[in-house]
Structure formats: structure tokens, C-alpha cells
There are 2 protein chains.
Amino acid sequence: MAKADIHDVAKAAGVSISTVSRAFTRPELVSEKTRRKVLDVADRLDFNISRSATALKSGRTNRVALLMNEDISSWFNTEVFAGIESVMHPAGYDISLFQHIDTAATRREFFTDLPIRRNVDAVFVASFAIDPHEVEQLRRIHVPIVGINIPSTDGFDASISIDDEGGMRKAAQHLISLGHRRIVYPCSEAVEDMGASIDARARGFIRACEEASARRDLDWRVLTVPRGPEFVDSALSALLALDEFPDAICCQMDMMAIPLVLKLERYGRSTPRDYSIVGFDDSIYAREMGLTTMRQDPRAMGRAAADKALRLINGEDLGEAHEIVEPQLVLRGTDAPYAA
Amino acid sequence: MAKADIHDVAKAAGVSISTVSRAFTRPELVSEKTRRKVLDVADRLDFNISRSATALKSGRTNRVALLMNEDISSWFNTEVFAGIESVMHPAGYDISLFQHIDTAATRREFFTDLPIRRNVDAVFVASFAIDPHEVEQLRRIHVPIVGINIPSTDGFDASISIDDEGGMRKAAQHLISLGHRRIVYPCSEAVEDMGASIDARARGFIRACEEASARRDLDWRVLTVPRGPEFVDSALSALLALDEFPDAICCQMDMMAIPLVLKLERYGRSTPRDYSIVGFDDSIYAREMGLTTMRQDPRAMGRAAADKALRLINGEDLGEAHEIVEPQLVLRGTDAPYAA
DNA sequence: TTGAAAGCGTTACCAG
DNA sequence: CTGGTAACGCTTTCAA
């Protein structure tokens with residue numbers, strides 16, 4: 001009696017298979033008494049409705065795809081995943097994860113084979129510099145396509161993205177308004193590639209500085225360092241090599257800011273005493289560290305994206321399909337007014 | 001022509017549906033020419049084999065369940081997930097994640113409703129203080145049950161766990177062998193609850209100290225602090241309240257060690273100059289920080305667990321069903337010989 | 001409120 | 001190498 005099927009249950013409960021089915025999926029159509037009996041028997045026989053059969057019958061797959069350019073283990077990706085999961089799982093969906101769609105080879109493989117075709121009810125594209133041709137390919141699977149932090153909404157049925165440029169501009173403005181004069185932006189393509197976000201953030205910094213320069217004296221610069229696992233050390237060297245150490249440092253992400261603070265401490269540069277620094281993300285350890293930073297909430301973005309997907313799947317109407325969210329400045333302990 | 005089914009493809013290719021099916025799943029049984037034709041047509045019609053139908057027919061679900069006591073976003077859980085995913089995804093399985101099986105309520109709900117019954121091909125239990133009765137319930141779904149960092153292997157078909165006690169013992173021994181005399185173990189149930197690991201690690205520390213005390217003078221103690229989001233600050237206060245500041249600190253996890261190093265710096269205590277400290281996990285920022293720590297590799301554990309599950313699903317034999325792995329001491333910059 | 005039967009899209013056996 | 005056909009386990013009319 002390894003596996004009882006719906007017939008076994010029907011027989012044991014003295015009803016038809018239709019009734020067994022209804023007892024599970026439309027309990028209100030079955031008399032209290034019959035239902036209890038059926039569910040009882042089912043429990044005794046370790047029976048449950050088969051998702052595969054339900055899926056087949058209904059024409060839905062109860063599965064969604066999530067595309068990420070790199071590994072799920074970065075802070076951003078994990079949070080997005082958790083957010084999507086928290087909505088989709090209770091709704092009965094599995095998430096089929098496609099990571100590392102980053103090299104030319106994996107991209108081609110994915111977008112030409114399109115393994116998810118006819119096998120998902122929606123597609124999420126997370127923080128992914130997807131190109132228009134690829135979106136076009138995706139559309140061929142004829143399901144809603146929802147983006148999270150995507151460079152362009154073209155071809156997407158819905159999306160939610162963070163305003164990277166505006167956020168970083170706000171961060172720089174904060175530093176400037178504190179009175180700092182020498183302000184530096186260490187910039188690299190990080191190991192954990194955030195794709196287009198990196199560029200947008202740099203633009204925000206530059207914009208804030210240019211705007212401020214029109215009004216007052218400001219010595220600002222972008223310090224470009226090579227990407228790779230040593231990007232923090234590269235930034236550190238570049239910073240230390242400056243003629244004059246800056247009053248303020250604006251970082252593209254907390255993963256840059258946090259190690260920098262630690263390492264600078266060892267070179268006798270202490271924040272906020274000697275310099276102000278602000279991060280971006282409000283990710284792991286930022287709170288522990290007391291890092292002043294721009295907060296974004298990728299988990300909430302995941303949830304919002306999932307809500308949209310669900311509505312799209314059910315043919316409902318979306319209020320606004322495409323959303324932009326503003327990161328928030330979180331003041332903690334690494335910024336202080338300029339004191340010459 | 002929204003959705004073409006197997007019949008449409010068969011017709012368009014001038015073959016039977018059997019041949020279409022075989023062209024996809026048993027290409028070697030179909031002539032090169034026919035196969036190309038079929039795949040061509042299929043691609044043109046945006047057709048693909050339905051996983052639901054295949055699953056139904058085969059009696060498999062192509063889905064596994066992963067149970068975690070808390071959120072997926074902790075370092076350990078993310079890595080385990082990524083490890084399992086890297087093996088199961090290519091093998092054609094989706095992962096159905098069940099998080100937050102931690103309160104009495106969610107546990108009861110999960111283990112009595114057993115929503116995964118008949119709907120997964122295997123179950124993973126990750127870092128989960130599951131009780132014997134719950135395991136018994138799980139067995140009722142009649143699929144392989146594979147554990148990762150579980151307190152007891154009872155009822156599990158396979159497992160892989162880290163030797164927390166042995167690892168922490170090794171960490172403490174290292175500190176002792178460096179000649180340190182006053183050694184402290186700040187201990188709390190962390191926010192990100194690692195369940196039984198916490199206890200095992202404390203035991204390892206105590207054991208090392210007791211063993212060493214028999215041989216030489218050693219002033220050691222466990223500093224218990226309340227759990228909660230402020231556990232690091234609690235540990236910090238406790239440490240600073242000591243009559244004499246310790247030579248060495250042994251931490252239950254990097255999430256304790258790293259913020260501690262940072263905060264102690266602000267109180268003028270600098271490592272390795274003033275004290276040695278070793279963490280546990282080798283998780284985020286440990287390398288950046290130069291933290292000496294005990295490394296464990298949860299991603300590799302996830303992979304190993306998934307390999308076992310796959311073999312079990314396919315009815316193959318496991319060499320050794322239950323594995324224990326030893327964490328490795330990674331020497332970096334936060335330990336130094338005792339210098340009075 | 002319940003039962004009978006058709007059909008969802010495959011796969012696999014058996015013929016040819 | 002290819003085609004016909006019977007399941008796989010459910011849901012859903014339609015009748016009773």
C-alpha cells in the first residue's frame with residue numbers, strides 16, 4: 001500500500017472519485033459529513049491531490065521562472081528571491097531559478113532554447129541587463145514578463161525598479177550639504193555585478209556634484225578602480241594615494257563602504273571624525289556598523305513584482321504597470337558636518 | 001494561434017504525436033531527418049513538451065521540498081539553497097521552499113497538513129531542530145529524506161552535517177596554543193538562529209578549555225548574553241565590563257566576531273595587537289576583514305545533500321548515507337601569539 | 001449533493 | 001524507425 005490513488009480513497013470512503021476531488025478543491029460543494037469522511041480516509045491512506053494532474057488539467061503550470069544574471073547569493077538577489085517567494089509560494093507556485101545568465105554563451109543557450117517555454121506561468125527578470133532582442137525572445141512564451149531593476153521597460157508587462165541615479169544624487173547632496181569640500185566617489189564594477197545600477201549611481205553622484213559646483217567651491221572626483229575580488233583594496237590604495245585625503249566618500253554600495261571604513265581605521269583615518277562616508281543599499285552589517293547609507297528594499301520589490309505577476313496571470317488589470325521607488329537616506333554614525 | 005499542442009506540431013511536421021514526443025525526449029530513436037523537421041516546426045510554433053504532462057505520466061513530481069526553520073536570507077541558508085539548486089535544477093527539479101517552520105504553530109500546520117505529501121520526490125531538512133515525531137510524520141510521504149546539519153540522523157535516509165563541536169574545539173585550541181591566558185566565549189542564541197549548532201559550538205569551546213586547564217593555568221569563561229537583534233552590543237558591554245579585558249575571544253559565528261572587532265576598535269581595543277579573536281563560518285566580509293575563522297562550506301553541503309537525494313530518488317545505493325564534515329581553521333589577521 | 005464520463009498532454013507498449 | 005492507443009490522476013460538465 002505504498003501509494004493510494006484517488007480511486008482507493010473513493011472506494012474506501014464509499015464515494016466516487018468526483019466527490020473525493022471536490023472534497024479537496026471545492027469543499028463547499030460536498031456535504032459536511034461526506035467531506036469529513038473523505039478527508040479522514042485520505043489522511044489514513046496518505047493521500048493528497050496530485051499537483052501534476054491538477055496542473056495538466058487546468059492548463060497552468062503553477063510555476064514561474066526567475067532569471068538572474070549572476071548568483072543568487074548576493075544580498076540583493078537573495079532578498080528579491082525571498083520577496084517573490086513570500087508571495088508566490090502561498091499562491092501555490094514554485095519558482096524555477098535560472099542563475100548566471102551572464103556570459104554570452106549562457107545567454108544564447110537560454111534565450112534560444114528557451115527551456116521554460118510552455119512551462120511557466122510568468123517570468124521574472126531580476127536586475128538584469130537584458131537586451132531588446134532577448135526580451136523579444138522571451139515574449140514568445142506568451143506569459144507575463146515582470147522586471148525588477150531593469151534598464152528599460154520595453155517589452156515588459158510590468159516592472160518595479162529603484163531610482164539608482166536619484167538615490168545616489170541624494171547621497172552626494174547630503175554630503176555636500178554637510179559642508180564637505182573634497183568629495184570622492186570610488187567606482188568599480190563590483191564582483192557581485194549589479195549591472196546597470198553601477199552606472200546609474202555614478203551618474204547620480206556626478207550630477208549632484210556638477211549642480212553644487214555651480215553654486216560653490218567643490219573638489220570632487222570619481223576614482224575608477226578595476227573590478228574583481230580586490231576592488232576594495234584597489235579603492236583603498238587609490239584613496240590613500242590622493243594628495244590630500246578627502247572630507248567625504250560616497251560609495252556605490254555598502255560592500256564597498258564597510259570594508260573601507262574598517263581598513264581606513266587601520267591607517268588612522270576614523271569616521272566620522274576625519275571624514276564622512278555614505279553607503280548604498282543598507283545591506284548586511286550596515287546597521288551593526290552604524291553606516292549612514294541609502295536604503296533600498298529589494299525584498300519589498302520582490303513582493304511587489306510577484307503581486308503584479310499574480311494579477312497578470314489572473315487576467316486582472318494593473319493600476320500602474322511600471323513603478324519606480326526612491327531609496328531613503330538612513331542617517332547613522334558615519335557622517336558629520338565639515339569641521340576644518 | 002496562441003498555443004500549439006503536440007497534435008498541431010505532429011500535423012505540421014507530417015508525423016504522429018509519438019514521434020514528436022520521441023524527438024524531444026528520446027532523440028536517438030528518431031531519424032536525424034525527422035527529428036530536425038519536428039524540432040524545427042516545434043520551434044516555429046513555440047511548442048515545448050509540457051512538464052506537467054510528463055510528470056503526470058511518469059509518476060514523478062520533478063519537485064523537491066526544502067524545509068528551513070527560518071528565513072532563507074541568512075548566509076547559511078542562502079548557501080545551502082544555492083548548493084542544492086546547482087544540482088537539482090540541471091537534473092530537472094524545482095525546489096519548493098518552506099521557510100519559517102519555527103513556531104509551534106507553523107510546525108504543527110506543516111507537519112499535520114503535510115502539504116507536500118505525494119507532491120515531492122524528496123525532502124531536504126536544513127539546519128533544523130526537527131523532533132523525532134516530526135520526522136515520523138515526514139516519513140509518511142514515502143520519499144527520501146535528506147538532512148543538512150541536523151541534530152540526529154534518526155529517520156533520515158541520508159545527511160551531511162558539520163562537526164560544530166569539534167570545529168569550535170579546534171578554534172579554542174588554536175587560541176590556547178598561541179599562549180593566551182584569559183579567553184572568553186561570548187554566547188547568545190543569535191538572531192539568525194542556527195538551532196542546535198549554537199549549543200554544540202559552546203560545548204566545543206568548553207571542552208577545549210577544560211582539557212587545557214588540566215595542563216596549565218587558563219582563565220576561561222562563557223559570557224552568556226540575551227538573544228535578539230542587539231546581541232552584539234550585549235556581548236560588547238559584557239566584554240567591557242570584565243575586570244580585566246581578555247587576551248582572546250572565541251566567537252560562535254562571524255556575525256558576532258566582525259561587529260565586535262569594529263566596535264572594540266572604537267574603545268581602543270585593537271586586534272591582533274591587544275587581543276586575538278577567531279570567528280566561525282567564514283561568511284560575508286570575513287575575508288575582507290581579515291578575520292581568522294573556522295570555515296565551513298554550506299554550499300558544498302547543499303550540493304552533497306542534493307547528490308544523495310538524486311541517487312536515492314533513482315534507487316541507487318549510497319556509499320555512506322551520513323557524512324560529517326570538519327570545519328577548517330583559516331588563519332588571517334586577527335590572531336597573534338600572546339605577548340604580555 | 002453525488003456519479004459517470006470526457007479529456008488535459010504526455011509516454012510507452014505493441015504493431016508494422 | 002514510426003504510428004496507434006491506452007493509460008497517468010485529476011477536474012468538470014451533465015444528469016440524476
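Here is how names work: the chains are called A, B, and so on, in the same order as the sequence lines, proteins then strands, and each is numbered from 1. Values in this document were obtained by computation on a predicted structure and should not be read as measured data. Values reported hereafter were calculated over all heavy atoms of this structure, with side chains retained and with hydrogens, waters and symmetry mates removed.
A:K37 places no side-chain N or O within donor-acceptor distance of the main-chain N or O of A:V15, the cut-off being under 3.5 Å. Within the 3.5 Å criterion, the main-chain N or O of B:S96 finds no donor-acceptor partner in the side chain of A:H89. A:N314 places no side-chain N or O within donor-acceptor distance of the main-chain N or O of A:E316, the cut-off being under 3.5 Å. Between the side chain of A:N119 and the backbone N or O of B:S50 there is no donor-acceptor pair closer than 3.5 Å. At least one donor-acceptor pair closer than 3.5 Å links the side chain of B:R140 to the backbone N or O of A:D43.
Nucleic acid contact for B:N48: sugar-phosphate only, since backbone atoms but no base atoms lie under 4.0 Å from a heavy atom of the residue.
A side-chain donor from one of A:R299 and B:S73 sits under 3.5 Å from a side-chain acceptor of the other. Side-chain contact check for B:T106 and B:H100: no donor-acceptor pair (N or O, by modelled atom type) lies under 3.5 Å.
When the P atom of D:dC10 is taken as reference, atom NE2 of A:H7 falls 8 Å away, rounded to whole Å. Put simply, CG on A:D5 is 7 Å from P on D:dC10, counting in whole angstrom units. Spacing between atom NZ of B:K11 and atom P of D:dT2 amounts to 20 Å, rounded to whole angstrom units. Going from atom CG of A:D8 over to atom C1' of D:dC8 covers 14 Å, rounded to whole Å. Here the P atom of nucleotide D:dC1 and the CZ atom of B:R36 are 16 Å apart, to the nearest Å.
Each of B:L56 and B:R35 lies near DNA chain D, and the nucleotide nearest B:R35 is the one positioned closer to the 5' end.
With a cutoff of under 4.0 Å to any heavy atom of chain A, the contacted region of DNA chain C is bounded 5' to 3' by C:dT1 to C:dT10.
Between B:F81 and A:F81, the ring planes lie tilted relative to each other; the angle falls in the 30° to 60° range.
With B:V20 as the partner, the side chain to side chain contact (heavy atoms under 4.5 Å, CB included) test is satisfied by one option alone out of B:V41, B:T25, B:V38: B:V38.
Remark: B:T34 is not in phosphate contact with D:dC1, judged by side-chain N or O atoms under 4.0 Å from OP1 or OP2.
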**OP:** Let me have a per-nucleotide readout for nucleotides 11-16 of chain D, 5' to 3', with B, S or -, counting only protein heavy atoms under 4.0 Å.
**Re:** BBB---
